[in-house]
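One structure is given here, and the rest of the page talks about it.
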Amino acid sequence: MNCHYCDRDADVTVEKDGIKVGVCKEHFRERMEELADSEWLQGIEEELDIDRAE
């Protein structure tokens, strides 16, 4: 399977409801950085009551 964003081989694949999406390491890291900066992820952390070691 190829990356959803480029022609490289996908390093990570996810399937939901019969649809598969793959991303290479570079694009996976980019998406994770975007999520880390989003309020959506902060809301999930609060909802799950996650404590991080500092």
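Here the structure is a predicted model, which means the values were calculated and not measured.
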Donor-acceptor contact present, side-chain Asp9 to main-chain Asn2, <3.5 Å: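 Pair absent, no side-chain N/O of Asp9 close to backbone of Asn2.
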Distance, nearest 0.5 Å, that separates OH of Tyr5 from CZ of Arg31: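 Between Tyr5 OH and Arg31 CZ, I get 4.5 Å after rounding to 0.5 Å.
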Gap between atom CZ of Arg29 and atom CE of Met32 - 0.5 Å precision: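 Met32 CE to Arg29 CZ: 11.5 Å, rounded to 0.5 Å.
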Heavy-atom side-chain contact between Met1 and Lys20 under 4.5 Å: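 Yes, at least one pair of side-chain atoms sits under 4.5 Å.
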Least distance between heavy atoms, Asp11 atom then Lys25 atom: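 Minimum heavy-atom contact is OD2-N, 2.9 Å.
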Which atom of Cys6 lies closest to which atom of Cys24, heavy atoms considered: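 Shortest heavy-atom contact: SG-SG, 3.9 Å.
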